[in-house]
Amino acid sequence: MPTEVRVRFAPSPTGHLHVGSAHTALFNWLYARHHGGALILRIEDTDAERSTEENIGSILEALTWLGLDWDEGPPSPGYRQTERLDLYREHAARLLKAGHAYYCECPPEQLDAARRAAEERKETFRYSGRCRDRGLSTGALRLRIPDQGATVVNDLINGPVTFEHGQLDDWILVRTDGTPTYNFCVVVDDVTMRITHVIRGNDHLSNTPKQILCYEALDYPVPEFAHVSMILGPDRSRLSKRHGATSVQAYRDDGFLPDALVNYLARLGWSHGDQEIFSRGEMIELFDVKEVASAGAVFDRTKLEWLNQQYMKAMDGPALAAHVEPFVTRAGLRIPGDHAWLGRVVDTLKERAKTLMELVETGRFYFEAPASYEPKAAQKFLTAEGGQRLDALVERLTGRPDWTAAALEAVFRGRADALGVKLGDLAQLARLAVTGRTASPPLFDVLALLGRDESLARLRRARAATR
RNA sequence: GACCCCGUCGUCUAGCCUGGCCCAGGACGCGACCCUUUCAAGGUCGAGAUCGCGGGUUCGAAUCCCGCCGGGGUCACCA
């Protein structure tokens, strides 16, 4: 029986969920789901200084919003590193006893000095190994790295990567104060959680040989590794706040759909022929880490926006309306109809906006009468002649029982013929009156959705504004 | 600086393993046109890559080999 695939996503709660982290979380999730395996969520909170409870909550929330569910992890206990200290202690003791680790009492100041000196000489700093054979019983615990040989990381994405042991040094497993270091915790956790595939950011590739040596010292099987490329800013350096929004929630708040973000992230470093849009099911079925590209990818918000629009367009009104509602409220607007009404409104707006936020802004007139008219258009349309046309429209429209888009269009066409003008002339005038703008969804749909009373009121108000 | 990774249109990518179908395909963005009551959406067409550079192997290289250059990442008693 083949061993079950077990992957993990291990964020450190020092901030919100970064899109780069979401990217590797997604690849882990896809890999787990594709293989019918398990995704384990582990919180790496050994940095007490920067880890906060709020950040943990925020990360879980972001993952949930993205629809990346985990099979093991919080809120169950035992998935935070701070809860697993005994485990690290046990393993440290084992390494010490087996002679694979030793205590080091070199004062930090001395190490710093040596580091600076090495830097002066333009050399790589490596711990001298001064305490290797002193048989000390206190201090920081270091892993003994073989002097000779090399360790090869057989990366699923990057292929075999060789690191000479001469490049590595006896790294610290446990600090003088007894707390375990990150690299040590990762090894112990991945082993005890029976992780079969470590899929993580490319920035960890250099740490991998150190970790492999630790697995071997512990006499544990080494998992498979896959180092995913990082997400870059326009200047091709790692995407950071300096480049703009980086957190998943920032994109949520800007009005992106989780499916769109997930689809976008999936296409960063991964592809399947010429296909751009993938349902979750398709992604799960088609995804394979071995096909992930090793080059970094620049985050392109414009393409994300396009994808978001594709997703909004594909969604039916009522479903989209549920996503839109909070944005209406947040804009300080009231919804003058029921959910079905909002669904129809949203149907007229979804192909005119890239984000939910933009959609609300574009359709603002559905929720409140225009506070003003576009100056240039007002200049052109709200003239004496425009007033006469508005009068004609109001007269024809008042008291009309059939307030549907089709009926309204018939009235407008009839009026345009009678007045000897093009439909467009009349439509633009009415559009300005009703929306305050020269661009909007189809006028007759807008009128129908606004209702007779509101539409007529707006036409009259525009009439009053003519010169 | 050392080590490691990466290098195809502005961007995301296909092709590279198993050389010829590639004087390089798709998508975003950009331009034009069509459709049209406006704006979008949609459709069609187009501009855009000497495949980082230089050698070599070969009848033939984006694809194989070597060197170089450029970018990024890692070098903590941070994670």
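Just so you know, these numbers use all the heavy atoms, side chains as well, and skip hydrogens, waters and symmetry mates. Lettering follows sequence order; numbering is per chain, from 1.
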Have a look at A:A140 and say if it touches a base, only the backbone sugar-phosphate, or nothing, with a 4.0 Å heavy-atom cut-off.
-> base
A:I212 CD1 to B:C4 P, in whole Å, measures 15 Å
So, A:Y79 versus A:W70, ring centres under 6.0 angstrom or not?
-> no
Whole-Å gap separating C1' (B:G73) and CZ (A:R238) = 7 Å
Which nucleotide in the set B:G10, B:A79, B:G26 lies at the smallest distance from any side-chain heavy atom of A:D300?
-> B:G10
Spell out yes or no: do the side chain of A:S294 and the base of B:C6 have one donor N/O and one acceptor N/O closer than 3.5 Å?
-> no
Parallel, tilted or perpendicular: which fits the ring planes of A:F225 and A:Y215, with parallel below 30° and perpendicular above 60°?
-> perpendicular
Across all strands, who's sitting opposite B:C28 as a Watson-Crick or G-U wobble pair, both distances under 3.5 Å?
-> B:G10
Pairing partner (Watson-Crick or G-U wobble, both distances under 3.5 angstrom) of B:U63 | none
Short N-O contact, A:D402 and A:R452, less than 4.0 angstrom | no
From B:A79, B:U37, B:U38, pick the nucleotide closest to the side chain of A:E44?
-> B:A79
For the pair A:R80 and A:E53, find out whether any cationic side-chain nitrogen is under 4.0 Å from an anionic carboxylate oxygen.
-> yes
To the nearest Å, how far apart are A:D169 CG and B:U74 P?
-> 17 Å
Have a look at A:K313 and say if it touches a base, only the backbone sugar-phosphate, or nothing, with a 4.0 Å heavy-atom cut-off.
-> sugar-phosphate
Proximity to the side chain of A:L268 - top-ranked nucleotide from B:A79, B:C12, B:A76 = B:C12
Report the base-pairing partner of B:C75 (Watson-Crick or G-U wobble, both distances below 3.5 angstrom), or none.
-> B:G1
What integer distance in Å separates A:K354:NZ from B:A41:C1'?
-> 9 Å
Taking only N and O in the side chain of A:R301, is any of them less than 4.0 Å away from OP1 or OP2 of B:C12?
-> no
Can you find a side chain N or O atom of A:S271 that sits less than 4.0 Å from OP1 or OP2 on B:A14?
-> yes
Any A:R267 side-chain nitrogen or oxygen under 4.0 Å from OP1 or OP2 of B:A27 = no
Nearest listed nucleotide, side chain of A:A439, among B:U38, B:G73, B:A41 = B:U38
Detail all sub-3.5 Å separations between protein N/O atoms and N/O atoms belonging to nucleotides 62-67 of chain B.
none

d(CG, A:D274; C1', B:A27) in whole Å | 8 Å
If the plane angle is over 60° it's perpendicular, under 30° parallel, otherwise tilted; pick one for A:W270 and A:F278.
-> tilted
Within the structure, does a side-chain N or O atom of A:K210 lie under 4.0 Å from either OP1 or OP2 of B:C4?
-> no
Mind checking A:R126 for me? I need base, sugar-phosphate or nothing, with any heavy atom below 4.0 Å counting as a touch.
-> nothing
Side-chain N,O (A:K290) to OP1/OP2 (B:C17) below 4.0 Å = no
May I ask you to say what A:E276 touches in the nucleic acid, namely base, sugar-phosphate or nothing, with a heavy-atom cut-off under 4.0 Å?
-> base
When all nucleic acid strands are considered with a 4.0 Å heavy-atom cut-off, which category describes A:L205: base, sugar-phosphate, or nothing?
-> sugar-phosphate
Across the strands shown, which category fits A:H227 at heavy-atom distances under 4.0 angstrom: base, sugar-phosphate, nothing?
-> nothing
Of A:T176 and A:Q167, the one whose closest RNA chain B nucleotide lies more 5' = A:Q167
Answer with base, sugar-phosphate or nothing: what part of the nucleic acid does A:T46 contact at a heavy-atom distance below 4.0 Å?
-> sugar-phosphate
So what does A:N207 hit on the nucleic acid, given a heavy-atom distance under 4.0 Å: a base, only sugar-phosphate, or nothing?
-> base
Nearest nucleotide by nearest heavy atom, which residue falls closer to the 5' end of RNA chain B, A:H272 or A:R431?
-> A:H272
For the side chain of A:N158, counting heavy atoms from C-beta on, which of B:C39, B:C77, B:C6 is nearest?
-> B:C6
Summary of ring-ring contact (aromatic ring centres under 6.0 Å, His included) pairs that have at least one residue in residues 131-182 of chain A, sequence neighbours excluded | A:Y182-A:H204
Hey, is the side chain of A:Q275 pairing donor to acceptor with the base of B:G26 inside 3.5 Å?
-> no
Nearest-angstrom distance from the residue atom CZ of A:R200 to P of B:C5 = 16 Å
Distance check: side-chain N/O of A:R236 vs OP1/OP2 of B:C12, anything under 4.0 Å?
-> yes
Does B:C33 have a Watson-Crick or wobble partner in any strand here, with both distances under 3.5 angstrom, and which is it?
-> B:G43
So does A:R142 pair up with A:D169, basic N to acidic O under 4.0 Å?
-> no
Residue-phosphate contact under 4.0 Å: A:S206 side-chain N/O, B:C3 OP1/OP2 | no
Which nucleotide in the list B:G73, B:A79, B:A41 gets nearest to the side chain of A:Y182?
-> B:A79
Using atom CG of A:D170 as one end and atom C1' of B:C75 as the other, report the distance to the nearest whole Å.
-> 15 Å
Please collect all ring-ring contact (aromatic ring centres under 6.0 Å, His included) contacts where either partner lies in residues 416-451 of chain A, sequence neighbours excluded, each pair once.
-> A:F412-A:F444
Can a donor-acceptor pair under 3.5 Å be found between the side-chain atoms of A:R437 and the base atoms of B:U38?
-> no
Does A:F299 have its ring centroid less than 6.0 Å away from the ring centroid of A:Y251?
-> yes
Which one of A:D203, A:N158, A:T208, A:N202 satisfies the side-chain hydrogen bond (donor to acceptor under 3.5 Å, both in side chains) criterion with A:H227?
-> A:T208
Remember a base hit wins even if backbone is also touched, and classify A:P234 as base, sugar-phosphate or nothing at under 4.0 Å, heavy atoms.
-> nothing
Short N-O contact, A:R344 and A:D445, less than 4.0 angstrom | no
Within this structure, what is the CZ-to-C1' distance between A:F444 and B:U38, rounded to whole angstrom?
-> 11 Å
Among B:U38, B:A41, B:G29, which nucleotide sits nearest the side chain of A:E351?
-> B:A41
So what does A:G269 touch, heavy atoms closer than 4.0 Å: a base, only the sugar-phosphate, or nothing?
-> sugar-phosphate
State whether A:Q310 places a side-chain N or O below 4.0 Å from either non-bridging phosphate oxygen (OP1 or OP2) of B:G42.
-> yes
Can you check whether A:R413 has a side-chain N or O nearer than 4.0 Å to OP1 or OP2 of B:U37?
-> yes
